[in-house]
Amino acid sequence: MLERSRKINPGAAVPLRADRRRQRRFPRLPDGNMASDRSDSAAPLLAGCALWKQGAEARIYRGKFLGRAAVVKHRFPKRYRHPQLDEKLTRRRTVQEARAALRCRKAGISVPVVYFVDYTTHCIFMEDLVGSITVRDHIVTTQQSGDNPESLGGLADEMGRILAKMHDEDVIHGDLTTSNMLLRNGSEGPGADLVLIDFGLSYTSALPEDKGVDMYVLEKAFLSTHPNTESLFQQLLNSYTAASKKAPAVIKKLDEVRLRGRKRSMVG
Ligand SMILES: Nc1ncnc2c1ncn2[C@@H]1O[C@H](COP(=O)(O)OP(=O)(O)O)[C@@H](O)[C@H]1O
Ligand SMILES: [Mg+2]
């Protein structure tokens, strides 16, 4: 009977007995997916890896790849999406992430080394930046400790430089936030080794407009995550401008995008 009502209405909420059995075996994760499900196929690859972080888009595992400390980013299937659309989006993001990382690396921009990509299970094995912290955490801690916020100036300069270099390679990151930048040695300063991560939404474009929007996304994220950092972000933009001949056109576009954003918020 249950079988039949399922067939008539595939979206019916009545769980089949088999589903219930599966749910007991594989408890639901916060994202609504099963701990093991269609992503079962990734299980052999992830054997020996430990789940470290869970995001909306991917799970981050830590383990080894050919003896080296590795982070595995697994883009698991999203059950709320149509399976074919999900497969297409997930595949595209995995491809973009690996491709942009390679492009940046060739240009001397610090990104984790990609060790191995499995396009069937959508897993990326990459260098584990052991001991690194996100720029977000670093700024938050510095602000909380009441340290001189000027100590973050060197970091802002470095961020401006690395982003100018990335844009000069025509790589648009697509999701610039302070959580998607790591400090390799866990601290800022002249020796700060800033590493860019999370290139799943990236693409290539030479258009100043696309680069301007990239910087706008960062500005929005930066100022909302870190209150009272307007002058710090301006320092980042100054360093960005000093580092690239193409920057003035980008900053002009950034101004236009800001204006558009403001008009939109005024209209409602
Ligand atoms: N190669 C790496 N080395 C060390 N930590 C990493 C690495 N890649 C990701 N992380 C950590 O995992 C977090 C999430 O990774 P990210 O690629 O940004 O995934 P998401 O798409 O879920 O945001 C990062 O903010 C960082 O703390
Ligand atoms: Mg991220």
Side-chain angles (χ1 to χ4, degrees), residues 29-33 35 39 42 45-46 48-78 80-81 86 89-105 109-119 121-142 155 159 162-163 166 171-188 192-203 214-215 217-222 224-226:
L29 289 165
D31 58 18
N33 283 279
S39 52
L45 263 184
L46 294 168
C49 296
L51 181 64
W52 180 32
K53 289 179 189 214
Q54 161 85 51
E57 166 77 13
R59 296 193 188 105
I60 309 284
Y61 294 80
R62 274 186 141 156
K64 292 260 182 222
F65 183 78
L66 297 178
R68 280 176 281 192
V71 157
V72 189
K73 187 167 180 176
H74 175 219
R75 289 191 161 83
F76 50 84
K78 315 296 177 301
Y80 52 83
R81 273 192 212 132
D86 183 47
L89 280 178
T90 306
R91 190 185 170 85
R92 189 187 302 157
R93 289 182 184 166
T94 306
V95 169
Q96 288 310 110
E97 176 129 37
R99 195 179 283 165
L102 203 66
R103 200 176 166 108
C104 283
R105 229 185 145 68
I109 298 161
S110 272
V111 294
V113 182
V114 174
Y115 293 147
F116 174 68
V117 186
D118 186 75
Y119 292 108
T121 56
H122 312 297
C123 282
I124 301 183
F125 287 69
M126 64 183 118
E127 171 191 12
D128 184 355
L129 299 160
V130 182
S132 64
I133 60 163
T134 64
V135 166
R136 179 187 201 273
D137 287 348
H138 178 71
I139 296 179
V140 169
T141 321
T142 308
L155 177 58
M159 283 191 269
I162 197 168
L163 295 177
M166 181 187 80
V171 173
I172 313 297
H173 186 283
D175 188 20
L176 284 177
T177 64
T178 49
S179 299
N180 288 336
M181 300 178 195
L182 302 181
L183 285 166
R184 195 187 284 268
N185 298 319
S187 68
E188 102 280 35
D193 193 358
L194 198 56
V195 183
L196 300 179
I197 60 163
D198 204 359
F199 283 90
L201 295 177
S202 71
Y203 59 100
D214 220 18
M215 296 307 279
V217 168
L218 177 63
E219 182 176 61
K220 281 277 181 194
F222 200 107
S224 63
T225 316
H226 310 294

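Everything quoted here is computed from the prediction, not taken from an experiment. For ligands, and for the atoms within them, numbers begin at 1 and follow the listed sequence. Both backbone and side-chain heavy atoms feed into the values below; hydrogens, waters and symmetry mates do not. Throughout, numbering of the chain's residues begins at 1 and tracks the sequence.
- Counting non-hydrogen atoms of other residues, nucleotides and ligands closer than 6.0 Å to CZ of Arg136 gives a total of 12 or fewer.
- Close approach to Asp128 involves these atoms of ligand 1, each under 4.0 Å from a residue heavy atom: 3 (N), 4 (C).
- Within ligand 1, counting atoms from 1 as listed, the ones closer than 4.0 Å to a heavy atom of Ile197 are 9 (C), 18 (O), 24 (C).
- Across Phe199 and Glu97, no two heavy atoms sit closer than the pair N-OE2, 3.2 Å.
- Note that the CZ atom of Arg91 and the NE2 atom of His122 stand 7.0 Å from one another [nearest 0.5 Å].
- At least one side-chain heavy atom of Leu194 sits under 4.5 Å from a side-chain heavy atom of Leu155.
- Nearest protein neighbour of atom 1 (N) of ligand 1, counting heavy atoms only, is Glu127 O, 2.8 Å.
- What sits closest to atom 3 (N) of ligand 1 on the protein, heavy atoms only, is Leu129 N, 2.9 Å.
- Looking at every heavy atom in both residues, Leu46 comes nearest to Cys123 through CD2-SG, 4.4 Å.
- For atom 22 (O) of ligand 1, the nearest protein heavy atom (residue, atom name, distance) is Gly55 CA, 4.2 Å.
- With a 6.0 Å cutoff to the six-membered ring centre and a 45° limit on the axis angle, Lys220 does not count as a cation-pi contact of Phe222.
- Summary of contacts: the protein heavy atom closest to atom 23 (O) of ligand 1 is Asp198 OD2, 2.9 Å.
- With a 4.5 Å cut-off on side-chain heavy atoms, Leu218 and Thr177 do not count as touching.
- A pairwise comparison of heavy atoms in Asp214 and Met166 identifies OD2-CE, 3.7 Å as the closest pair.
- Against a heavy-atom cut-off of under 4.0 Å, Ser179 is close to the following atoms of ligand 1: 25 (O).
- Ligand-side atoms of ligand 1 in range of Met126: 1 (N), range being under 4.0 angstrom from any heavy atom.
- Ligand 1 has no N or O atom lying under 3.5 Å from any N or O atom of Ser132, backbone or side chain.
- Considering Val71, Leu45, Val113 in turn, Leu45 is the only one that fulfils the side chain to side chain contact (heavy atoms under 4.5 Å, CB included) rule with Phe125.
- Polar contact with ligand 1: present for Lys73 (N/O pair, distance under 3.5 Å).
- Here is the list of ligand 1 atoms found below 4.0 Å of a heavy atom in Pro112: 1 (N).
- Atoms CD1 and CG, from Ile133 and Leu182 in turn, are 9.0 Å apart once rounded to the nearest 0.5 Å.
- Rounded to 10°, the angle that OD1 of Asn180 and OD2 of Asp198 form at the Mg ion (ligand 2) is 90°.
- Ring planes of His74 and Tyr61: tilted class, angle from 30 to 60°.
- The contact set between ligand 1 and Asn180, taken as ligand atoms under 4.0 Å from a residue heavy atom, comprises 18 (O).
- The nearest protein atom to atom 13 (C) of ligand 1, hydrogens excluded, is given as Lys53 CD, 3.7 Å; this is a heavy-atom distance.
- Interface atoms of ligand 1 facing Thr134, defined by a heavy-atom separation under 4.0 Å, are 25 (O), 27 (O).
- Distances between N or O atoms of Trp52 and those of ligand 1 include no value under 3.5 Å.
- Across Val195, Val71, Leu201, heavy-atom proximity to atom 7 (C) of ligand 1 is greatest for Val71.
- Here the heavy atom of the protein found nearest to atom 15 (O) of ligand 1 is Ile60 CD1, 3.6 Å.
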